[in-house]
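Reviewing the structure listed below.
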Amino acid sequence: MHELSIAESIVDIVAETVERRGAGRVAAVHLRLGALAGVVDEALLFSFEVAAAGSPVEGAELRIEKVPVTVYCPSCRIDRVLAGVQPLCCPTCGTPTPNVISGTELEVTAMEVEDG
Amino acid sequence: MAKGLRSIEIRERVLGKNDALAESLRSRFQESGTYVVNLVSSPGTGKTALLERTLSELTRDRRVAALVGDLATENDAQRLSRSGAPVRQISTGGNCHLEAEMVQSALQDWEPAGSEVLFIENVGNLVCPASYDLGENLRVVLLSVTEGEDKPLKYPPIFHSANLALITKVDLAEAVGFDRAALRANIEAVNPGLPVLELSARSGEGMDAWLDLFRNR
């Protein structure tokens with residue numbers, strides 16, 4: 001269960017941006033979360049509330065955009081989106097591929113702040 | 001009174017600080033000529049037993065050292081010190097994984113001079129250590145024959161992030177009805193082409209292929 005320390009890092013990143021930009025209350029935080037990032041979203045949502053308490057991010061909503069695993073298929077020579085996290089093979093032709101194009105993201109993309 | 005919302009772009013990796021620190025550790029290890037191995041597995045897979053034997057064998061002709069992560073005890077460091085290699089414990093105080101910062105601070109007052117190989121034994125956990133780069137050159141995931149062949153399918157991120165898989169306790173394979181083909185297929189499903197070695201730290205079976213990775217460096 002490392003979601004709490006992940007949540008603390010998210011709060012730190014957002015709080016630093018708030019300070020730098022002199023922004024007001026944070027209403028929402030946007031996160032891109034890859035299926036292979038090893039982070040459970042329910043646990044993260046809960047941890048985020050805890051981590052945000054008492055910080056400039058308190059009360060903000062964490063909006064998680066889930067990113068599916070995309071692999072490059074060397075046979076079809078095209079990127080293919082998987083339904084789950086395994087098997088890492090082309091869903092169309094079945095060729096195994098370790099070439100993960102996306103799905104490991106764990107990135108704060110944006111925040112929404114209240115004006116004035 | 002409704003307030004307008006304004007969107008501010010951030011685009012920052014959540015573990016960016018850890019990753020940057022891990023990168024700086026990696027350059028530092030490269031400069032000192034130290035090859036770093038991060039051992040990850042669930043508790044009870046035999047990381048410490050493997051490391052005990054590995055350190056004892058390698059200290060004969062290589063300068064090796066180990067950093068050992070543990071939630072609360074120093075038992076593993078005591079066990080490993082008997083090999084004669086420098087060993088340092090990192091007590092994580094309940095944290096379920098090692099982070100680059102913990103490695104950095106352990107190295108501040110303990111720099112095993114001229115180590116050719118530094119083994120880092122992560123906290124026993126198949127989930128969280130996957131997310132934290134420690135500046136290692138080689139991430140090794142261990143899985144014992146007693147754990148069940150479907151572990152790779154249950155914990156894809158850690159198997160996906162590894163550079164090598166070790167199947168441990170193979171001396172027990174027959175007794176527990178270990179299905180080698182099923183495990184290999186499951187590893188292949190989450191990390192196609194991942195090299196796999198099978199060994200037993202107790203019987204010594206398969207140890208040479210593992211030790212040669214470091215002897216031949």
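Worth knowing before you read on, the calculation uses all heavy atoms, side chains too, and leaves out hydrogens, waters and symmetry mates. Everything numeric in this text was worked out from a predicted model, so none of it was measured. Here is how names work: the chains are called A, B, and so on, in the same order as the sequence lines, proteins then strands, and each is numbered from 1.
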Top contributor to chain A contacts, counting heavy-atom pairs under 4.5 Å, from B/Arg6, B/Glu99, B/Arg11, B/Glu188 |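 Max contact count across the listed options: B/Arg6.
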
Identify which of B/Pro156, B/Gly193, B/Pro129 forms the greatest number of heavy-atom pairs closer than 4.5 Å to chain A.
->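 Greatest number of close heavy-atom pairs with chain A: B/Pro156.
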
Step by step, would you call A/Ile13 with B/Ile10 a side chain to side chain contact (heavy atoms under 4.5 Å, CB included)?
-> CA-CA 9 Å; A/Ile13 288 169; B/Ile10 299 182; 3.9 Å; yes

Contact summary for A/Gln86 and B/Ala189, nearest pair of heavy atoms |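 Answer, listing the atom of A/Gln86 first, then B/Ala189: CB-O, 3.9 Å.
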
Can you name the nearest heavy-atom pair linking B/Asn191 to A/Pro98, along with the distance?
-> OD1-CB, 4.5 Å

Sidechain-backbone polar pair: B/Ser131 side chain, A/Ala37 backbone, donor-acceptor under 3.5 Å =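 Checking the backbone N and O of A/Ala37 against the side chain of B/Ser131, a donor-acceptor pair under 3.5 Å is found.
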
With a 4.5 angstrom heavy-atom cut-off, which part of [X] approaches chain B: side chain, backbone, both or neither?
X        : value
A/Arg21  : side chain
A/Val100 : side chain
A/Glu16  : side chain

Working to the nearest 0.5 Å, report the span between [atom1] of [X] and [atom2] of [Y].
X        : Y        : atom1 : atom2 : result
A/Met111 : B/Ile8   : CE    : CD1   : 4.0 Å
A/Ser5   : B/Asn95  : OG    : CG    : 6.0 Å
B/Leu15  : A/Ile10  : CG    : CD1   : 9.0 Å
A/Asp12  : B/Glu12  : CG    : CD    : 10.0 Å
A/Leu106 : B/Arg13  : CG    : CZ    : 10.0 Å
A/Leu36  : B/Ile158 : CG    : CD1   : 12.0 Å

Residues, nucleotides or ligands: over 12 heavy atoms within 6.0 Å of B/Glu101 CD |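 Check fails, neighbour count at 12 or below.
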
Tell me, out of A/Val29, A/Thr97, A/Val85, who's got the most heavy-atom pairs with chain B below 4.5 Å.
-> A/Thr97

Quick one: does B/Val14's side chain get under 4.5 Å of A/Glu107's, heavy atoms only?
-> no

With only heavy atoms counted, which part of B/Tyr132 is less than 4.5 Å from chain A, the side chain, the backbone, both or neither?
->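 For B/Tyr132, side-chain heavy atoms alone lie under 4.5 Å from chain A.
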
